[in-house]
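Quick one: the structure is below, and I'll ask about it shortly.
Chain letters run A, B, ... following the sequence lines, proteins first, then strands; residues in each count from 1.
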Amino acid sequence: MRRNRMVAATAGAALVATLAACAPDDGPPTLNWYINSDNGGQAQIAAECTEAADGAYTIETVLLPRDAAAQREQLARRLAAEDRSIDLMSLDPPFIPELSEPGFLAPIPDDVAEAVSENVVQGSLDSATWNDELVAIPFWANTQLLWYRESVVEEAGLDMSQPVTWDQLIEVATDQDRYLAVQGIKGESLTVWINALIASAGGEIITNPGSSAEDTELGLETDAGREAARILEQIGSEGLGGPGLPTSDESASLRLFQGDDASFMVNWPFVWTSTQQAVDDGLLDQSVLDDIGWALYPAVTEGTDSAPPVGGINLGVGAFSEHTDLAFEAAQCIVTPEHQAFYMVNDGNPASNTEAYEDAEVQETFPMYEMIRDSLEQAAPRPQTPLYNEISTGLQETWYPVSDVNPDTSPEAATELITAVLRGERLL
Amino acid sequence: MLAAPAFIVMVAVTLYPIVQAFIDSLSRIRLTAPDANEFVGFGNYAVVLTDPVFWSAMGVTLFITVVTVLVELVIGFALALVMHRAIQNLRGALRTAILVPYGIITVVSAFAWFYAFDISSGYVNSWFDWVPGVSEDLNWFASQGTSLFVIMASEIWKTTPFISLLLLAGLAQVPGELEEAAKVDGATSWQVFKRVIVPNMKAAIMVAVLFRALDAFRIFDNVFVMTNGANGTTVLSLLAYRTSIGRLEIGLGSAVSVLLFLSVVVICFVAIKLFKVDLSSARGGN
C-alpha cells in the first residue's frame, strides 16, 4: 500500500502543480463541491454562496455520476487516495458511516453541529449521524409517500384519511385488475423498499449496528423479515407490479403510475413536479394530474405506524481538504432554510429544515408539504453501518426477483450470504 | 537498444499493474478500512475458486464468447464475400455501411439496444409482436435467456464488421487463378468456397477468431449497461469490477482480475498453438 500511496502522492502532486499553474496567483481559495446531478439548483446555490462570501472563497461544483452507487465509488476511491481537491461533497446518507469510519470526513466543530441541527427533521439528523456524532450536515431530505389515483380509491371505497396497509393496496389492485407501481429492479431502490417493509413491521435489518463485520447480526429471520418477504412475494408472484417489475426503478414506476392501469405507487416527491412538468409539456393529460392523491407510506400491520424510507443528501467536508474551516462556512451557507426552500421548489427535493416548509412558494408547489414533513419525522433510515454496500447488495442477490421471494427461505438465504460475505468467505 | 524506450513503456503500463494486482491479490485490502489490511496468501483465490458466483460468471462468459464468435464468423464471412464481390463503384459505400456499427462506441450502442428492448420505452415489443413469444408484456431484461439474447445480439451487431474486415483481408490473398481453375474443372460455388477459399484463408480466419475470442471473453460494457449482472448475466469482468470498484475489496477483486487474466492467457496459448499447427498443415496441404 505504501508504494501505492507514493505513486498516488506523486501523481497528485503533479496534478496539483499543473492546476496551480493554471490558477491565478492570488484571489480567494476555490472550494470544490462534488455534487450529484439535479436541475441546476446546487450550482445556483454555489453561485449565491460565493457572492455572499464576499471574496472569502469561491465555490465551484463538480458533477458526480448519476447513480448513488457510482457516486460512492468515486468519492471513496478519491478519499482513500487522500484527494485534497474534495472540499465539499453531496453524500447519499447510507454511505456516510462508510466514509466517516476511516476518517474521510472532517469532524464537525461543535458550534457548527449545533447550528445546522436546529429545526432539522429527525430522519435527516439520524441519517447524518454516526457513532452518536453528527458527521455530515443535513441538506435535503427525501421520503417516499403513497401516491394513489382518486378514481381507483373512490371505486374501492377506501378511506385515505386513515393509514392504509399493504394488504389493502394488494386487495384493491387485485379486485380492479390494476398495477401497483413499486421498485423491483435489482438495485438500491429494492433495498429501500425491503428496508421500509421490515422497519414498518417493527424489525430492523441489522440488530447491532456499529459492531465489526464478523459480529454483525441480522434481523431478517424474524416475524418482521418474514412479513416483508410475504408482501414482496405476493406483489411479485401475482403480477401486481406489472411485467416491468424486475426492471422497474423510480422513473419506470412513475411511468407505470401515469398510465391507464395504475392504482397506487410508493415513490419520492419528485414525481409530483415531474408529472406537472409532463402536463405542462403536453405529454400528459391534466386529468391524470387531477386524479393523483397522496397519503403516508403504507403500513404493514393495521394500527401500527409505517416507517417510510428516508433519503436525501447530506454535506460532508473532506478530511484532506486544505480549507476545512471555509468549507464548513460554505456548507452553513448552502443549507440555510432559504436555500433549502429554493432547492425544493427548483429541483423538487424536500427540505430537511422544517422552517423551509413555511415558505409560501414551497407550500404552493407542494400541496402535500405537511405530509412530507410528517413522513420525514416518522421515517426509518436504512441500516447504518460502514458495511452498508455489502448488506444492500447481499439483499438484492437473495431477494430478487421479487416474484421468487419466499417468506420461509429468503430471510435465511440472505442472512447466510451476507454473513459469509462479511466474513470474507463469499463473493457478491 | 532501439526498442528500449518502447520496452520500458510497455513494462510501465502493463507489467507493473499486473504485478501490483498479483501482490494485492494476496492480501485482504478494503479501501475504506485502510488499517485492517492483512496478508492472506492464496486465501482470496480459495474464496473465489470455491464460490458458485465465480463459476457461474465463468460459464456465462464462455457461453457468450463461443456463441458470439461463431455467429460473427458466419455473418462476417458472408459480409466479407459481399464486400469482396461487390462491383467497383458500389464497393466504397458498401464497406462504409458495413463498418458503421464498429465505429460506434460500445457504451452508446449498448444504450441504444437497451432502450430499443426496454419494456417501457422500447419499440421492439410493438414492432415484433407477431413473432411467437414476443408481446407487449415481454420484459427482455427480466430473465437470463432473453437478457443474454439482447446482450449477444448487440455484441454481434457491433463487432461483426471487425471480423469481416479481417476476413476480407484474407479473401484478397486467395489467388484468383485457383478459383478459376476450380471452376474450369466443374466445381460448384460451394465446392470452390469449401475446397479453395477456406483452406487458403485459414491463417486469416484463425487470427480473426483469436482476436474476437479474446475480446468477447472480456465483455463488459453491454452487460454493465443492460442488466448490471442481474438474472444470471454476470460475466467475469463485471465480477472483477463489482468486487474491486463496487465493494472496494481490492484484494479479492485483484484475485478475480488475475484469474481473468490467466484465462485470457490460456485462450491465447491454446489458440496460438492450434494456429501454428494449422498454418503449417495448410501450407503442407497446398
Side-chain angles (χ1 to χ4, degrees), chain A residues 1 3-5 7 67 69-70 72-82 95 97-104 184-187 190 212-213 239 242-249 251-256 259 386-387 389-390 393 396-397 400-401 403 417 420-421 423-428, chain B residues 16 20 23-24 27-38 40 43-44 46-48 50-54 56-57 114 117-121 125 135-143 147 226-231 234 239-253 255-256:
Chain A
M1 272 316 272
R3 194 179 336 165
N4 265 348
R5 288 249 171 82
V7 173
D67 86 302
R72 159 187 167 272
E73 283 161 17
Q74 183 166 142
L75 288 175
R77 290 166 65 80
R78 280 170 171 269
L79 289 167
E82 307 191 353
F95 305 122
E98 187 180 29
L99 297 182
S100 169
E101 185 71 14
F104 291 168
I185 190 175
K186 191 175 184 182
L190 180 60
S212 69
L245 183 64
T247 48
S248 167
D249 60 7
S251 314
S253 41
L254 173 58
R255 280 196 293 273
L256 182 68
L387 307 157
N389 181 59
E390 270 73 12
T393 319
Q396 294 162 30
E397 281 301 325
Y400 175 90
S403 52
L417 176 67
V421 167
R423 282 204 219 102
E425 292 162 3
R426 286 286 306 269
L427 290 170
L428 264 177
Chain B
Y16 169 70
Q20 181 70 50
I23 294 171
D24 285 347
S27 301
R28 199 171 175 194
I29 305 172
R30 191 185 166 87
L31 272 190
T32 49
D35 303 329
N37 296 349
E38 78 183 293
V40 292
N44 286 331
V47 171
V48 174
T50 53
D51 200 299
V53 173
F54 174 78
S56 119
F114 171 74
F117 282 83
D118 183 40
I119 186 165
S120 52
S121 65
N125 281 352
S135 73
E136 285 289 349
D137 285 349
L138 175 61
N139 192 343
W140 291 85
F141 301 108
S143 70
S147 305
M226 293 192 203
T227 62
N228 200 7
N231 302 309
T234 300
L239 183 63
Y241 172 86
R242 198 158 68 203
T243 314
S244 292
I245 313 282
R247 291 182 56 200
L248 305 167
E249 289 280 359
I250 305 299
L252 207 53
V256 178

**Message:** Quick check for you: among A:A70, A:G424, A:A76, which has the greatest number of heavy-atom pairs under 4.5 Å with chain B?
**Reply:** A:G424

**Asked** Between OG1 of B:T50 and CZ of A:R426, what distance do you get to the nearest 0.5 Å?
**Response** 8.5 Å

**Asked** Atom OG1 of A:T247 and atom CZ of B:F114: how far apart are they, to the nearest 0.5 Å?
**Response** 7.0 Å

**Asked** So how far is it from B:N139 CG to A:L245 CG, rounded to the nearest 0.5 Å?
**Response** 9.0 Å

**Fill in**
Most heavy-atom pairs under 4.5 Å with chain A, out of B:L248, B:D35, B:V40, belong to B:L248

**Message:** Assess the residue pair A:E73 and B:R247 against the criterion (salt bridge (charged side-chain N to carboxylate O under 4.0 Å, His left out)); give the C-alpha distance rounded to whole Å, side-chain angles, the decisive distance to 0.1 Å, and a yes or no.
**Reply:** CA-CA 8 Å; A:E73 283 161 17; B:R247 291 182 56 200; over 6 Å; no

**Complete:** Shortest non-hydrogen pair, B:N231 vs A:K186, comes out as N-NZ, 4.5 Å

**Prompt:** Considering only heavy atoms, which portion of A:E397 lies under 4.5 Å from any heavy atom of chain B: side chain, backbone, both, or neither?
**Reply:** side chain

**Distance-minimising heavy-atom pair for A:R72 and B:G246** = NH1-O, 2.7 Å

**Complete:** The residue among A:E98, A:R77, A:E101 that forms side-chain contact (heavy atoms from CB on, under 4.5 Å) with B:T32 is A:E98

**Complete:** The interface call for B:D137 against chain A, heavy-atom contacts under 4.5 Å, is both

**Prompt:** How close do A:Y400 and B:F141 get, heavy atom to heavy atom, and via which atoms?
**Reply:** OH-O, 4.4 Å

**Request:** Under 4.5 Å heavy-atom distance to chain B, tell me which part of A:R255 shows up: side chain, backbone, both or neither.
**Result:** side chain

**Request:** Under 4.5 Å heavy-atom distance to chain A, tell me which part of B:L239 shows up: side chain, backbone, both or neither.
**Result:** side chain

**Message:** I need the A:L387 CG to B:R30 CZ distance, nearest 0.5 Å.
**Reply:** 5.5 Å

**Prompt:** Which atoms of B:E249 come close to chain A, meaning under 4.5 Å heavy atom to heavy atom: side chain ones, backbone ones, both, or neither?
**Reply:** side chain

**Item:** Region of B:I245 that comes under 4.5 Å of a non-hydrogen atom in chain A
**Value:** both

**Asked** Between B:L252 and A:L427, does a side chain to side chain contact (heavy atoms under 4.5 Å, CB included) hold up when you go through it step by step?
**Response** CA-CA 8 Å; B:L252 207 53; A:L427 290 170; 3.8 Å; yes

